There are 2 protein chains.
Amino acid sequence: MANISDIAKQAGVSKSTVSRVLNGHKHVSKEKRRIILDVMERLEYSPNGNAINLSRGKTNTIGVLVPRVGHPFFHQLLEGIGQVCMERNHTLLVIQTEHDPAKEEASMQYLRDKRIDGLIIGAISQPQLLETMRTVGPVVACEDHQDIVPSLFFNHGKAITMLLQHVEERGAKTVGLCLGNPDSGVGRVRREAFDQYLKTSTLCHGIQWYADRCYSFEDGQALAGQLLTIDLPDAIIVGNDEVAAGLIDQFRKDGIRVPEDIAITGFDDVPIARALEITTIRQPVVMLGRLAAEQLLSDALNQSESASSLLEPSLMIRQTT
Amino acid sequence: MANISDIAKQAGVSKSTVSRVLNGHKHVSKEKRRIILDVMERLEYSPNGNAINLSRGKTNTIGVLVPRVGHPFFHQLLEGIGQVCMERNHTLLVIQTEHDPAKEEASMQYLRDKRIDGLIIGAISQPQLLETMRTVGPVVACEDHQDIVPSLFFNHGKAITMLLQHVEERGAKTVGLCLGNPDSGVGRVRREAFDQYLKTSTLCHGIQWYADRCYSFEDGQALAGQLLTIDLPDAIIVGNDEVAAGLIDQFRKDGIRVPEDIAITGFDDVPIARALEITTIRQPVVMLGRLAAEQLLSDALNQSESASSLLEPSLMIRQTT
DNA sequence: TGTTGCACTGGGACGCGTTTCAGCCTGTAG
DNA sequence: CTACAGGCTGAAACGCGTCCCAGTGCAACA
């Protein structure tokens with residue numbers, strides 16, 4: 001594989017001149033430029049990306065930290081980030097943590113060792129790591145860590161409040177809660193908003209109506225089975241549409257009517273929520289991804305003050321409440 | 001930021017020795033190793049990834065070419081690939097093409113310029129590009145391009161045949177077809193298998209029952225609206241569960257009974273198919289991703305002969321046929 | 001005691017572009 | 001005709017590890 005020196009030699013010029021042509025700098029005579037381009041074509045020359053990265057000290061690559069790419073929230077986020085990367089000629093490096101603290105910590109290495117120019121945090125279970133990360137390179141979070149790093153995130157607390165208010169208006173007296181990862185930032189915020197709401201309302205909650213680490217349709221079905229062994233609450237707030245769908249599916253199979261016997265709400269408004277007419281929360285996740293990527297890229301470039309911001313959810317009222 | 005020379009100087013040794021410690025090579029005295037480690041810690045040294053990549057000539061990164069990360073098939077694929085990357089200490093670079101030929105072509109650059117060690121093709125609309133790609137670096141495809149590059153893929157033709165056989169057995173006389181991207185490899189294979197089956201059966205198809213470029217739940221709803229203006233076929237084969245779900249949803253709203261008035265089949269067995277009890281095709285996509293990544297990594301490492309293989313689909317019979 | 005062998009260490013070339021700086025040349029203004 | 005500006009070009013340092021090769025020194029063996 002030819003390198004820049006080969007080109008220079010064959011074209012009878014110096015490496016500098018070749019480099020100028022490569023980067024579209026001025027001050028290269030028409031004739032030499034032509035010769036150089038000819039030689040490059042003839043030798044099928046292609047500059048070595050790693051050499052460029054090393055010498056420029058940047059890679060035009062940004063990393064994204066997510067638990068799993070398969071999760072509906074995260075793949076929408078990735079899609080938005082990916083769009084911006086493409087528009088701005090950047091590359092997307094995906095780091096799957098599977099919620100593993102060691103992997104989260106290891107991800108910092110990419111930033112430190114200059115393999116990525118910046119990092120977008122999709123979710124992190126150890127926010128204290130951000131403290132170190134920000135000293136290593138630009139970081140933007142898609143959860144609320146605005147006291148540490150610039151953050152763009154949804155108002156999950158408000159979303160929970162909207163859902164609770166809604167089911168209460170529809171007459172619920174008792175309510176359950178089903179979360180995904182209770183230790184994630186989102187999980188904590190949701191839990192807190194839930195507890196907070198109950199304090200100022202007559203709505204009742206009991207520990208038997210609480211579940212977490214539910215991620216899939218099947219988890220929802222299983223949970224329905226468990227709930228059937230006890231008294232059902234009037235409503236249940238579920239942190240994920242697929243889980244809500246599983247719950248509804250199993251309940252209906254068992255002859256429980258939704259929403260008459262139990263009202264169910266989901267989260268994210270994925271296709272399944274539309275198909276089953278699930279009352280849920282819609283959030284412009286792809287847009288969040290875009291904003292985060294734009295924030296990171298502009299920030300990395302011009303070092304301007306970077307702000308955090310809170311995006312508002314919308315309540316989609318359908319047939320399950 | 002300290003570099004390896006700084007460490008060497010401070011520790012009173014040569015760069016070579018520091019490098020040996022870094023890479024866990026033998027032949028370093030306990031004492032020097034200790035001193036070096038101390039200095040590294042004190043200066044918060046971290047090796048520069050780009051320098052390592054450059055000097056080693058490899059990056060431990062593999063690229064994946066997909067139209068969009070958001071598509072259910074591709075994010076499952078990414079998940080499988082991601083798992084293997086993690087296990088083998090590799091990194092995942094995602095390249096979204098949005099089916100754009102120019103972007104597909106540009107992706108080759110990563111391989112050529114050594115930013116990735118190998119490339120997994122999720123889908124490509126210009127298979128002829130593979131011809132060049134394989135000369136540039138290791139490539140594995142997840143579609144049928146086995147005449148050009150090692151390929152791991154599903155037997156989409158057989159899946160279509162199974163579905164047609166199934167609806168025919170259930171009494172269908174006329175059948176429709178709804179595809180996604182008709183120009184993709186998968187689209188072509190499906191179309192071909194469909195046409196082929198009809199030739200040897202009494203099942204009827206008419207152009208009014210054909211549609212393509214349907215990707216979402218909403219596309220399915222819209223298609224249902226169109227079909228309602230003409231005579232319905234007895235069954236329709238849909239290339240995507242979400243579209244099938246949209247179709248079912250709209251039909252039911254319009255008082256059309258599924259499967260009595262029209263049988264509907266999906267593809268992929270995503271959660272929505274389980275929720276709506278859609279007869280569909282299940283394929284182990286995550287496993288496909290894993291296999292592809294393993295193939296690529298072992299191939300890149302030991303240059304062994306790499307084989308192509310065909311994975312079998314399974315028919316999930318539910319309530320919509 | 002001479003020799004062989006092995007553990008340990010350093011020097012320096014190498015991978016490949018980028019960038020700074022100095023210098024040359026030509027054209028134009030005074 | 002001199003002087004200065006500005007276009008063009010090359011040498012060489014730089015970014016940062018890796019790795020081959022050539023030792024050096026000490027221990028064991030003949």
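Keep in mind that this is a model prediction, so the values were computed, not measured. In what follows, chains are A, B, ... by sequence order, proteins preceding strands, each numbered from 1.
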Nucleotide dG15(C), atom C1' - distance to CG of L54(B) in whole Å = 4 Å
May I ask you to say what G49(B) touches in the nucleic acid, namely base, sugar-phosphate or nothing, with a heavy-atom cut-off under 4.0 Å?
-> nothing
For K15(B) and dA13(C), give me the distance from atom NZ to atom P, rounded to whole Å.
-> 11 Å
Aromatic ring pairing H75(B)/H75(A), orientation class (parallel under 30°, perpendicular over 60°, tilted between) = parallel
Starting at the 5' end of DNA chain C, which residue's closest nucleotide do you reach first, N48(A) or S14(B)?
-> S14(B)
Report the distance from atom NE2 of H27(A) to atom P of dT19(C), rounded to the nearest whole Å.
-> 15 Å
Can you check the I52(A) CD1 to dC16(C) C1' distance for me, whole Å?
-> 9 Å
Considering non-hydrogen atoms only, spot the tightest contact between V149(A) and S308(A) and give its length.
-> O-OG, 4.0 Å
Which value, rounded to the nearest 0.5 Å, describes the distance between E104(B) atom CD and I124(B) atom CD1?
-> 4.5 Å
Could you please spell out the steps behind the side chain to side chain contact (heavy atoms under 4.5 Å, CB included) verdict for E41(B) and E44(B)?
-> CA-CA 5 Å; E41(B) 184 140 350; E44(B) 294 188 331; over 6 Å; no
Round to a whole Å and report the spacing from CG of N53(A) to P of dG17(C).
-> 12 Å
dT9(C) OP1/OP2 closer than 4.0 Å to side-chain N/O of K32(B) = yes
Has the side chain of R20(A) got a donor or acceptor that lies under 3.5 Å from a partner of the other kind on the base of dG17(C)?
-> no
Phosphate-side-chain proximity, N23(A) and dT18(C), N/O vs OP1/OP2 below 4.0 Å | yes
Between which nucleotides of DNA chain D, 5' to 3', does chain B make heavy-atom contacts below 4.0 Å?
-> dC16(D) to dC19(D)
Remember a base hit wins even if backbone is also touched, and classify V13(A) as base, sugar-phosphate or nothing at under 4.0 Å, heavy atoms.
-> sugar-phosphate
Output for pair (L92(B) CG, I116(B) CD1), nearest 0.5 Å, gives 10.5 Å
Does any donor-acceptor pair link the side chain of S16(B) with the base of dG11(C) at a separation under 3.5 Å?
-> yes
Rounded to whole angstrom units, what separation is found between the CG atom of L22(A) and the P atom of dC16(C)?
-> 14 Å
Locate the shortest heavy-atom distance separating L111(A) from D117(A); write the atom from each residue and the value.
-> CD1-C, 4.3 Å
Would you mind reading off the distance between K26(B) atom NZ and dT9(C) atom C1', rounded to a whole angstrom?
-> 17 Å
Provide, to the nearest angstrom, the distance between the NE2 atom belonging to H25(A) and the C1' atom belonging to dC21(C).
-> 16 Å
Within the pair T17(B) and dG10(C), is there a side-chain N or O less than 4.0 Å away from OP1 or OP2?
-> yes
Could you tell me whether R33(A) and D38(A) make a salt bridge, using a distance below 4.0 angstrom between a side-chain N and a carboxylate O?
-> no
Verify the contact: side-chain N or O of Y45(A) to OP1 or OP2 of dG17(C), cut-off strictly under 4.0 Å; return yes or no.
-> yes
